[in-house]
Amino acid sequence: MGLRFYNTLTRQEEDFLPLRPGEVRLYTCGPTVYDYAHIGNFRTYLWEDLLRRHLEHRGFRVIQVMNLTDVDDKTIANAREAGLALEEYTRRYIDAFFEDLDALGIERAEQYPRATAHIPEMVRLVLRLREKGHLYESRGSLYFKIDTFPAYGRLAHVDPGTRAGHARIDADEYEKDDPRDFAVWKMRKDGEPYWDTELGAGRPGWHLECSAMSMKYLGETFDIHTGGVDNIFPHHENEIAQSEAATGTTFVRYWMHAAHLIVDGEKMSKSRGNVHTVRDLRQRGFDSRALRYLLLSVHYRKPLNFTFEGLAQSQAALSRLDDLAFRLEREDRPAGGHPELRTAVEAARAGMLEALDADLNTAGALGHLFDLVREAHSALDASRAGREDLKAVRETLALFEAIFGIRLGQHGILEAEIEALIKRRVEARASRDFAQADRIRDDLAQRGIVLEDTPQGVRWKRKGS
RNA sequence: GGCGGCGUAGCCAAGCGGUAAGGCAGAGGUCUGCAAAACCUCGAUGCAUCGGUUCGAUUCCGAUCGCCGCCUCCA
């Protein structure tokens with residue numbers, strides 16, 4: 001069975017078949033660069049990275065685009081408050097964003113278009129819409145008229161016949177014919193950045209950038225568009241309206257959305273003081289691999305409750321994988337293979353991939369992986385493993401590393417001083433001077449180096465946070 | 001008010017019609033100079049509650065309770 005994804009549009013899991021065989025065109029809604037992205041944002045980006053990696057592993061060429069929203073109400077307001085030009089201000093957070101992506105081991109997308117660099121494309125899209133009669137002007141701004149697009153509401157399942165709930169009427173909305181109509185072009189305001197265009201002086205509406213940039217890089221119809229659930233309405237609904245009204249064809253074939261992350265059971269918010277950023281957690285000494293593991297280990301469509309206990313549990317789980325990887329690096333066995341271990345490897349491998357094929361069931365995949373961890377240790381302990389088996393187990397761990405984007409095992413170099421201490425301890429043990437050996441072990445433990453004496457010799461690892 | 005999601009052992013979390021994966025923590029044991037790691041054994045007659053459908057439901061349907069979210073340019 002092939003890939004299956006849950007499509008928000010149909011509210012069903014569907015077989016995934018890309019438009020062009022062997023190629024997936026993917027648009028992932030990116031950050032608004034007015035502040036550091038928090039771990040909730042990264043839950044979504046990490047899941048998208050997993051999606052990308054799994055598609056790649058399944059042999060697809062992935063063309064991913066992630067936008068950077070560098071002009072909107074918040075970026076403008078914050079830049080002004082900081083006394084910086086918009087571009088100068090957003091540059092800082094764009095740089096920080098990429099640092100965080102690297103820290104979390106997120107693969108780079110093919111394109112990271114910035115909104116401010118695509119004003120002409122957006123203007124062209126607006127002109128098309130105006131030509132087709134989907135827009136009206138009010139006080140210099142241009143609005144999309146919902147009534148002209150009958151399919152409006154299909155994604156979010158809002159009834160086009162009724163008003164969308166009790167949306168509060170703010171000052172802006174007095175200018176609209178219908179409160180659900182949305183701005184595609186906002187007239188210039190004093191003190192705000194603007195562009196002189198055929199549409200007049202002003203700036204683009206938020207939804208516009210994603211339509212214009214996704215279609216520019218991926219075509220008028222592309223395969224997958226992702227984001228957080230909060231984007232379903234109105235952002236993605238409006239994108240569909242704008243794009244399809246302009247092109248007359250299907251905009252996106254599969255819509256996928258990640259559920260939110262909460263912290264200690266509560267919504268993350270500045271006022272609650274429970275907003276965590278990647279840099280904060282790293283500064284506090286947490287392994288970013290453990291964070292990645294935690295955020296990936298819960299199915300993306302389920303709410304994830306972030307706690308420090310959960311982070312510690314992820315760190316512990318990861319240690320277990322590290323330990324096996326470490327053991328496999330060190331051990332060798334006679335050539336050959338044993339059917340039981342080979343069967344376990346195959347079961348784990350197939351189980352992992354099947355789970356991931358089924359709408360990216362990461363928790364299910366991890367279950368299969370840990371089954372193998374136990375089988376592999378057992379086989380090694382009982383000498384029921386040959387060189388070929390070890391290779392097969394290593395390959396399965398490598399599969400995990402590639403798709404989950406987490407490197408396993410002990411990597412790093414010890415300082416000469418620590419290396420010397422380990423050597424002295426080995427000698428002390430050889431001469432049965434256990435008091436000295438324990439002293440050295442305790443000393444190293446203080447420095448975060450844990451020693452284990454194994455039949456294959458001493459092994460060390462850095463203590464996890 | 002409208003729309004949506006979630007509720008499985010102490011904690012995290014799969015499964016979603018055929019009799020409850022996996023991880024963490026904990027207990028006992030094997031191994032070890034002692035540890036650590038690893039391995040073995042132990043945990044829900046039970047999947048929020050109450051009804052219904054079914055030969056059979058954690059899985060489907062209905063109601064109720066609790067939590068989270070969107071409807072405000074929040075991933």
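Residue numbering restarts at 1 for every chain, and letters A, B, ... go by the order of the sequence lines. All values below were derived from every heavy atom in this structure, side-chain atoms included, with hydrogens, water molecules and symmetry-related copies excluded.
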When rounded to the nearest Å, what value does the distance between C1' atoms of B/rU8 and B/rU41 take?
24 Å
Out of B/rA14, B/rC71, B/rC34, which nucleotide sits closest to the side chain of A/Phe233?
B/rC71
Okay, side chain of A/Thr362, backbone of A/Leu296: is any donor-acceptor separation there less than 3.5 Å?
yes
Could you list all the salt bridge (Lys or Arg N to Asp or Glu O under 4.0 Å) pairs where at least one residue sits in residues 293-308 of chain A, not counting sequence neighbours?
A/Arg301-A/Asp359
Taking atom C1' in both B/rG17 and B/rC71, what distance in whole Å separates the two?
36 Å
Closest to the side chain of A/Lys461, out of B/rA14, B/rG5, B/rA37, is B/rA37
A/Ser314 side-chain N/O to B/rC24 phosphate OP1/OP2 under 4.0 Å
no
Any donor-acceptor pair under 3.5 Å from A/Asp15 side chain to A/Arg4 backbone:
no
Counting only side-chain N and O atoms of A/Asn305, is one of them less than 4.0 Å from OP1 or OP2 of B/rC68?
no
Measuring only the P atom in each nucleotide, how far is B/rC16 from B/rG4? A whole number of Å is fine.
23 Å
By the Watson-Crick or G-U definition, both distances under 3.5 Å, B/rG7 is matched with B/rC65
For B/rG1 and B/rG56, measure between their P atoms and round to the nearest Å.
37 Å
Given the side-chain rings of A/Phe251 and A/His236, with only the six-membered ring counted for Trp, is the space between their centroids under 6.0 Å?
no
On a plain distance test, is the side chain of A/Asp438 in donor-acceptor contact with the base of B/rG33 below 3.5 Å?
yes
What I'd like to find out is whether the side chain of A/Glu209 reaches to under 4.5 Å of the side chain of A/Arg114, using heavy atoms alone.
no
The nucleotide from B/rG15, B/rA13, B/rA37 with an atom nearest the side chain of A/Ala363 is B/rA13
More 5' along RNA chain B: A/Glu309 or A/His377, using each one's nearest nucleotide?
A/Glu309
Short question: side chain of A/Thr32, backbone of A/Tyr34 - any donor-acceptor pair under 3.5 Å?
no
Nearest to the side chain of A/Arg11, which nucleotide is it out of B/rC24, B/rA14, B/rG4?
B/rG4
Would you mind telling me which of B/rC40, B/rA75, B/rC3 lies closest to the side-chain atoms of A/Arg374?
B/rC40
5'-most contact on RNA chain B (nearest-nucleotide basis), A/Gly205 vs A/Gly367, goes to A/Gly367
Return no unless some side-chain N or O of A/Arg301 is found under 4.0 Å from OP1 or OP2 of B/rG4.
no
Just name whichever nucleotide pairs with B/rG1, Watson-Crick or G-U, keeping both distances under 3.5 Å, else none.
B/rC71
Side chain of A/Arg459 only, heavy atoms from C-beta on: which candidate in B/rA37, B/rC39, B/rC71 is closest?
B/rA37
Does A/Arg441 contact B/rA36 through a side-chain donor or acceptor facing the base, at a distance under 3.5 Å?
no
Which nucleotide, if any, forms a Watson-Crick or G-U wobble pair with B/rG33, using both distances under 3.5 Å?
none
If we require ring centres under 5.5 Å and near-parallel planes under 30°, does A/Phe370 stack on B/rG22?
no
Would you say B/rA75 has OP1 or OP2 under 4.0 Å from some side-chain N or O of A/Thr32?
yes
Can you tell me the Watson-Crick or wobble partner of B/rU53, both distances under 3.5 angstrom?
none
Just call it for A/Leu380: base, sugar-phosphate, or nothing, with non-hydrogen atoms closer than 4.0 Å on any strand.
nothing
Among the nucleotides B/rA75, B/rC40, B/rA37, which one has an atom lying closest to any side-chain atom of A/Leu261?
B/rA75
What's the closest nucleotide to the A/Val298 side chain, out of B/rA36, B/rA75, B/rA13?
B/rA13
Quiz item: A/Gln313 side-chain donor-acceptor pair to B/rC12 base, under 3.5 Å
no
Quantified in whole Å, what is the C1' atom distance between nucleotide B/rU58 and nucleotide B/rG46?
9 Å
Could you work out which one of B/rC6, B/rA75, B/rC68 sits closest to the side chain of A/Lys302?
B/rC6
Before giving the answer on salt bridge (Lys or Arg N to Asp or Glu O under 4.0 Å), spell out for A/Arg282 and A/Asp100 the whole-Å C-alpha distance, their side-chain angles and the decisive distance to 0.1 Å.
CA-CA 10 Å; A/Arg282 291 180 70 209; A/Asp100 290 344; 5.5 Å; no
Could you check whether A/Ala258 gets within reach of a base, just the sugar-phosphate, or nothing at all, counting any heavy atom under 4.0 Å?
nothing
Please walk me through it: do A/Asp443 and A/Arg439 pass salt bridge (Lys or Arg N to Asp or Glu O under 4.0 Å)?
CA-CA 6 Å; A/Asp443 181 33; A/Arg439 246 192 320 276; over 6 Å; no
Kindly point out which of B/rA13, B/rA75, B/rG22 is positioned nearest to the side chain of A/Asp371?
B/rG22
N/O donor-acceptor pair, side chain A/Asp453 with base B/rC34, under 3.5 angstrom
yes
What's the gap between B/rG51 and B/rA57 when it is taken at their P atoms, as a whole Å value?
14 Å
Between B/rA37 and B/rU30 - C1' atom distance, rounded Å:
14 Å
What interatomic distance, in whole Å, is found between P of B/rA9 and the corresponding atom of B/rA48?
8 Å
